[in-house]
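These notes are about the structure you will find just below.
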Amino acid sequence: MLALRPLHAAPALLGAVLEVTSGPDRRSGRIVEVEAYEAADDPASHAYRGRTPRNGVMFGPAGHLYVYRSYGIHWCANIVCGPIGEAGAVLIRALEPLDGVEEMWPDRPKARTSTDLASGPGKLCAALGIGGEHDGVDLLAGDGPVRLLTGTPVEPAGVVDGPRIGITRAVERPWRFAIAGNPHVSRPRPPGFGPGDRSAPATGPHR
DNA sequence: GACAAGATTGACT
DNA sequence: GTCAATCTTGTCC
């Protein structure tokens, strides 16, 4: 799955489960929203301008975790995918908490509901306890601190796409994917995202 | 060495 | 709906 380019791997990752273990702690969540970032042809990607100390993980093998600090405050997690050297990645934007929910609340004191625990890139990292120390870990190793599990695949008809969020370049590309109608997707919700609105945007679920 | 921008979040009006 | 917080990274001189 992760051998695919980000644009194809992103929707395939919906429904997969991200699991973080820290000592006796085990927290996991189902991926409900992602964004695809190519490198060579994507001005919005961190790797667009080439390899740097920060984004080096993106140029490595698929299946590794790329963690970076956003706005000096939050951590954001990406899954590296595609061929080595192409620096493609899929940003995880939102999770549906599964295991270890009780342990997540202390790390998310501002959250009021379970749908608020991991409904954003920075939120999900806080909820799962992901930080800079997890940058570069192998998600497929099996015994690492962060693992990617198959979970329940989502049918193409259940996937909606839309423009990416919070970026200033290449904003027109509909490379944001989410599970239709899922209440855990992050804000802002374009038409077709979130509960109560299952009408997919004009672009359709695939591209 | 200095400066500007940023894949966000939450508080406040 | 608007805006401030906060600091790392990358670029420019």
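Order of the sequence lines sets the chain letters (A, B, ...), proteins ahead of strands, with each chain counted from 1. Please read these numbers as outputs of a predicted model, since none were measured by experiment.
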- prompt: If each of Lys123(A) and Arg169(A) is mapped to the nucleotide of DNA chain B with the nearest heavy atom, which maps nearer the 5' terminus, i.e. the 5' end?
  reply: Arg169(A)

statement: Answer for the Watson-Crick or wobble partner of dT6(C), both distances under 3.5 Å, is none

task: Would you classify Arg108(A) as touching base, sugar-phosphate or nothing, given that sugar-phosphate means primed atoms plus P, OP1 and OP2, and contacts are heavy atoms under 4.0 Å?
output: sugar-phosphate

Atom-pair distance (OH on Tyr66(A); C1' on dT8(C)), nearest Å: 11 Å

query: Can you find a heavy atom in the side chain of Leu7(A) that is under 4.5 Å from one in the side chain of Phe177(A)?
result: yes

task: For His74(A) and dC7(C), give me the distance from atom NE2 to atom C1', rounded to whole Å.
output: 11 Å

Mate of dA7(B) where both pairing distances stay under 3.5 Å, Watson-Crick or G-U: none

message: Mind checking if Arg164(A) touches a base, just sugar-phosphate, or nothing, with heavy atoms under 4.0 Å?
response: nothing

query: Honestly, is Arg164(A) close enough over Tyr37(A), meaning NZ or CZ under 6.0 Å from the six-membered ring centre and within 45° of the axis?
result: yes

query: Expressed in angstrom and rounded to an integer, what is the separation of Asp135(A) atom CG from dT9(C) atom C1'?
result: 13 Å

- request: Kindly indicate whether the side chain of Leu124(A), heavy atoms from C-beta on, has any atom under 4.5 Å from the side chain of Leu117(A).
  value: no

- line: Atom NE2 of His46(A) and atom C1' of dT8(C) are separated, to the nearest Å, by 11 Å

Atom-to-atom span, CD1 of Ile73(A) to P of dT9(C) - whole angstrom: 15 Å

- prompt: Are the side chains of Leu95(A) and His184(A) in touch, meaning some heavy atoms are under 4.5 Å apart?
  reply: no

statement: chain A reaches DNA chain B, atoms under 4.0 Å from its heavy atoms, from dG6(B) to dA11(B)

- request: Using the side chain to side chain donor-acceptor pair (under 3.5 Å) rule, take Arg176(A) and Ser186(A) through it: C-alpha gap first, then chi angles, then the decisive distance, then the call.
  value: CA-CA 11 Å; Arg176(A) 180 189 187 195; Ser186(A) 64; 3.3 Å; yes

- prompt: If we only count heavy atoms from C-beta on, is the Pro163(A) to Val171(A) side-chain gap below 4.5 Å?
  reply: no

